Number of protein chains: 2
Amino acid sequence: MKGMQLDDTNLKILRILQDDASLTNQELSNRIGLSPATTLERVKKLEQAGIIRKYTALVDEKKLNKHIKAYIFITMKEHSNQSLIEFNKRIKDLPEVLECCRLAGEKDYILKVIVDNIEDFELFTRTRLTTIPGIDKTSSSIVLASIVDRTDIPL
Amino acid sequence: MKGMQLDDTNLKILRILQDDASLTNQELSNRIGLSPATTLERVKKLEQAGIIRKYTALVDEKKLNKHIKAYIFITMKEHSNQSLIEFNKRIKDLPEVLECCRLAGEKDYILKVIVDNIEDFELFTRTRLTTIPGIDKTSSSIVLASIVDRTDIPL
DNA sequence: GGTGAAATAAGGGTTAC
DNA sequence: GTAACCCTTATTTCACC
């Protein structure tokens, strides 16, 4: 399913479900002005096509005692394919790492990390992150305040 | 509801729902080993306490033609309270900005931005971002590859 | 529309402090 | 006693064909 139909109705469905996935199919069908059956069929197709990847509950980090969020930049010693593949593999095993992207430019990677407190952050970088082979330098920016934090892609 | 009980059962519920919020309450109750009614009651309390913030559908960015993701650093001309409040207000109006954090260190803000293509990126920075008053310098890092992209807080 | 399944509401039992 | 936790049953609502 590559070239799936992304008409206005499907975009509307995606906008609504990104905003609130707890809606019943009936309520969703009301909002887009189609019958429940037709609406459900469209949603199922969007799921099958992988356009809807996942349904998830978003939680309040602070209320779960995750008080430190930080971005960490990483530069590697060498940039061989092997070295980067090994790094990618190792970084996926760290649940504290919510995002990890390979970048264009001087810095090789950016990580978004979340931990309980500043002691845990120090412990994380020292015992879990920088023990990954191939890392040359890291540089951390602690988040002081989160102004925007959304998961909904603009459509 | 501040000091809400976060016992093992509630943590298990949160882990499961972060991983898959499309589960029925019955299936959820099976997995945690409680009755459906009791399970539902716990979930409702987690919602009321704001620990579960939102249910959302995560979509595949690439399949929706969002091909460019980038991190942008911003340094401000001045750091008066007024100046930052104005910036915060303006940045929330830009749907391309998925994350915006105030940072400790040299750089004042980091933004995560998603757009269709590189032309749109140039247009965004030139006509929508740098037109916000108070910005001194910006510096962009384009994402080459996404290694990790998760929303589930480790619990 | 109809059917079966699931969410929700109501009521009661058990244990710990 | 009472508060927290959990269960069962009954009713309503919804997904799905």
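Treat the numbers as computed from the prediction; the structure is a model and nothing was measured. In what follows, chains are A, B, ... by sequence order, proteins preceding strands, each numbered from 1.
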(request) Give a yes or no on whether the backbone of A:Leu155 and the side-chain of A:Arg15 come within a donor-acceptor separation of less than 3.5 Å. (result)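 Checked: pair present.
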Could you run down the sub-3.5 Å N/O contacts of the protein with nucleotides 14-17 of chain D?
residue: D:dC14; atom: OP2; partner: A:Gln26; partner atom: OE1; Å: 3.3
residue: D:dA15; atom: OP1; partner: A:Asn25; partner atom: N; Å: 2.3
residue: D:dA15; atom: OP2; partner: A:Gln26; partner atom: N; Å: 3.4

(request) Return no unless some side-chain N or O of B:Thr38 is found under 4.0 Å from OP1 or OP2 of D:dC6. (result) no
(message) For a quick test of reading the model: is some side-chain N or O of B:Arg42 closer than 4.0 Å to OP1 or OP2 of D:dC5?
(response) no
(request) Would you indicate whether the side-chain heavy atoms of B:Ile114 and B:Glu61 approach each other to under 4.5 Å? (result) yes
(message) Taking the side chain as everything from C-beta on, heavy atoms only, tell me whether A:Asp20 gets closer than 4.5 Å to A:Glu27.
(response) no
Rounded distance (Å) that lies between atom [atom2] of [N] and atom [atom1] of [X]:
X: B:Asp7; N: D:dC5; atom1: CG; atom2: P; answer: 7 Å
X: B:Lys45; N: C:dA9; atom1: NZ; atom2: P; answer: 14 Å
X: B:Glu41; N: D:dC5; atom1: CD; atom2: P; answer: 9 Å
X: A:Asn30; N: D:dT13; atom1: CG; atom2: P; answer: 15 Å

(message) Using a 4.0 Å heavy-atom cut-off to protein, can you give one letter per nucleotide of nucleotides 11-17 of chain C, 5' to 3': B if the base is in contact, S if only the sugar-phosphate is, - if neither?
(response) -------
(message) Would you say B:His79 and B:Asp108 are linked by a side-chain donor-acceptor pair, where the criterion is simply a distance under 3.5 Å?
(response)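 A donor-acceptor contact under 3.5 Å links the two side chains.
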(message) Please report whether the ring centroid of A:Phe73 lies less than 6.0 Å from that of B:Phe73.
(response) yes
(request) Starting at OH of B:Tyr109, measure out to CZ of B:Phe87 and round the result to the nearest 0.5 Å. (result)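 If we round to the nearest 0.5 Å, B:Tyr109:OH and B:Phe87:CZ are 5.5 Å apart.
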